[in-house]
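In what follows, a single structure is set out as structure tokens and then discussed.
Numbers restart at 1 for each chain; the letters A, B, ... are given by sequence-line order, proteins then strands.
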There are 2 protein chains.
Amino acid sequence: MATRRRIKVKTGYHHGNLRQDLVTAALAIINKQGPGALTLRAVAKRLGVSQTAPYRHFVGKESLLAAVAADGFATLLRETEETLAATEAEPVARYLAAAFSYVRFALAYPDHFRVMYNERPPEFSVGPVAESGRKAFQLFVGTIVDCQKTGRAAAGDPSLTAVKAWSYAHGLAALHLQRLLPRRLDDEAVRALTREIARFLNP
Amino acid sequence: MATRRRIKVKTGYHHGNLRQDLVTAALAIINKQGPGALTLRAVAKRLGVSQTAPYRHFVGKESLLAAVAADGFATLLRETEETLAATEAEPVARYLAAAFSYVRFALAYPDHFRVMYNERPPEFSVGPVAESGRKAFQLFVGTIVDCQKTGRAAAGDPSLTAVKAWSYAHGLAALHLQRLLPRRLDDEAVRALTREIARFLNP
DNA sequence: ACCTGAACACCGTTCAAGT
DNA sequence: ACCTGAACACCGTTCAAGT
């Protein structure tokens, strides 16, 4: 989080911040050569570092992927916060803005999104990896509570409404990313589909 | 599709229907040891067959996974057809029944579902692998058309309504399967959430 | 036709050794 | 502390050879 000032740029070894570079290089490989090409050795080679260097920063390949996922969840949380900070006070607008953030994140960071949600070990869902994701979810629940307070949403468990809206947004993003939706949807179509999420505020 | 009668049960070699056994064994390994343990060699060993035997039936590992996915889509289509055949004529009930079939399939065949949708090469989405899936989608669109004809659904592009409902059902199933939903949901809760899908019939 | 063993290039991971 | 090369067990895939 804190942008640590790098005092020693070169240590006499190869890197000053190998850990973050490994995450970035992993994403670059996934993006350019597909997830199947992601090997620890390829990541190391891309950084001009020996094949065992990554083990100084990660316990193994799965641990590197967990870092990629955590990076994604942190970005999702940050963008949701920024979007909410820039949105007017009207609760329904804030609820929609938070939902838009989720879909926009998925489309803007498809590689992160896939690592976060596709075929990952269960630890991803429970452990600290998705901690930022849970915070973003709570932010979303908060907008629903505000809608209820001002009578813009029906009473009831707000987190249940959040689950419904999240399911819709997640399914839309996931299917779109996998090119499974019948027609190719342009940005406006995705925006229109996302707007449907307002349905869940009222029964 | 046609249940071919097996004339020669044993060929003097090891198997009579190795192809289907390979698909079944792959699913068993994914189920018992996780997707990371799925190797062609492990599949072969489980069937008491040499490590190169699978190449007589599949061009490679990816091809075996494609067969698993195709098997899943075929099951999804079959169960959707059977459900619709067993459902009354009222269009909204049929629309809901088709949506239920999708979620029920995901929960009943989680390993199939993951292979079908998680981190698979793009060919899965476009090629013949998902052909049965597209047919199931068309069945679903048909129930929406029937709702429109009888005034139970608003006019408009029925496949757009289908995309919305599918997104919701898919997101719900995917998040639930990954244990990402806040509370553990029992069957009744999932059923209640799935029922929300009726929302998409009317604007 | 269908199956086999040996071989190749590659991978994740470990470990003793370097600075 | 951080990095390295060599080594181990394993994997996908190829190929010449068996019946």
Side-chain angles (χ1 to χ4, degrees), chain A residues 4-26 28-30 32-69 115 119-121 123-124, chain B residues 4-26 28-30 32-69 115 119-121 123-124:
Chain A
R4 178 178 301 280
R5 190 177 296 264
R6 276 186 293 143
I7 297 178
K8 303 177 296 185
V9 174
K10 283 186 87 68
T11 65
Y13 293 82
H14 257 101
H15 272 85
N17 56 345
L18 182 55
R19 193 193 144 93
Q20 179 55 40
D21 285 355
L22 287 165
V23 171
T24 305
I29 290 174
I30 291 175
K32 284 172 192 147
Q33 318 187 51
L38 179 68
T39 70
L40 240 28
R41 290 160 109 110
V43 173
K45 182 173 289 180
R46 167 176 262 266
L47 296 176
V49 121
S50 94
Q51 37 186 328
T52 57
Y55 289 89
R56 290 296 117 199
H57 299 275
F58 301 103
V59 52
K61 184 181 184 181
E62 212 159 78
S63 166
L64 171 58
L65 281 171
V68 172
V115 173
E119 203 56 62
R120 291 294 108 224
E123 306 88 74
F124 276 39
Chain B
R4 178 178 302 277
R5 190 176 296 265
R6 276 186 293 143
I7 297 180
K8 302 178 298 184
V9 173
K10 281 187 90 64
T11 66
Y13 292 83
H14 256 102
H15 272 86
N17 56 345
L18 182 54
R19 192 194 145 92
Q20 178 55 42
D21 286 355
L22 287 165
V23 171
T24 305
I29 290 174
I30 291 175
K32 282 170 194 149
Q33 318 187 50
L38 179 67
T39 70
L40 240 27
R41 289 160 109 110
V43 173
K45 182 173 290 180
R46 167 176 263 264
L47 296 176
V49 122
S50 93
Q51 37 185 330
T52 57
Y55 289 89
R56 290 296 117 198
H57 299 275
F58 300 104
V59 52
K61 185 181 184 181
E62 212 159 80
S63 165
L64 171 59
L65 283 170
V68 172
V115 173
E119 203 55 62
R120 291 294 110 224
E123 307 87 76
F124 277 39

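We find that CG of B/Asp21 is positioned 11 Å from P of C/dC3, with the value rounded to whole Å. Atom-to-atom, CG of A/Leu38 to C1' of C/dC10 comes out at 15 Å; the value is rounded to the nearest Å. C/dG12 atom P lies 10 Å from atom CG of A/Leu64, rounded to whole Å. If you take CG of B/Leu22 and P of C/dC3, they are 9 Å apart, rounded to a whole angstrom. Taking atom NZ of B/Lys45 as the reference point, atom C1' of D/dA9 lies 12 Å away to the nearest angstrom. With rounding to whole Å, B/Tyr55 atom OH is found 16 Å from D/dA16 atom P. In this structure, CD of B/Gln51 is placed 10 Å from P of C/dA6, rounded to the nearest angstrom. Nucleotide C/dT14 holds its P atom 11 Å from the CG atom of A/Leu40, rounded to whole Å.
Between C/dC11 and A/Thr39, a contact under 4.0 Å exists linking OP1 or OP2 to a side-chain N or O.
For A/Thr52, whose side chain is taken as the heavy atoms from C-beta onward, the closest listed nucleotide among C/dC3, D/dT14, D/dA6 is D/dA6. Checking D/dG12, C/dT13, D/dT4 against every side-chain atom of B/Lys61, the shortest atom distance belongs to D/dG12. Ranking D/dC3, D/dC11, C/dT4 by closeness to the A/Leu18 side chain, first place goes to D/dC3.
Atom NZ in A/Lys45 sits 13.0 Å away from atom CG in A/Leu40 (nearest 0.5 Å). Separating the CD1 atom in A/Ile30 from the CG atom in A/Leu65 is a distance of 6.0 Å, to the nearest 0.5 Å. Put simply, CG on B/Leu22 and CD on B/Gln20 are 9.0 Å apart, with the number rounded to the nearest 0.5 Å.
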**OP:** Toss me the dot-bracket line for DNA chain C: Watson-Crick and G-U wobble, both under 3.5 Å, 5' to 3', using | for pairs to another strand and [ ] for crossers.
**Re:** ||.|||||...|||||.||
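The side-chain heavy atoms of A/Phe58 and A/Val23, taken from C-beta on, include a pair separated by under 4.5 Å. In this structure the side chain of B/Leu18 never reaches within 4.5 angstrom of the side chain of B/Arg56, judged on heavy atoms. For the pair A/Leu64 and A/Tyr55, the minimum side-chain heavy-atom distance is 4.5 Å or more.
Residue pairs meeting the side-chain hydrogen bond (donor to acceptor under 3.5 Å, both in side chains) criterion with at least one member in residues 32-42 of chain B, sequence neighbours excluded, are B/Arg41-B/Gln51.
In terms of position on DNA chain C, the residue among A/Glu62 and B/His57 whose nearest nucleotide sits closer to the 5' end is B/His57.
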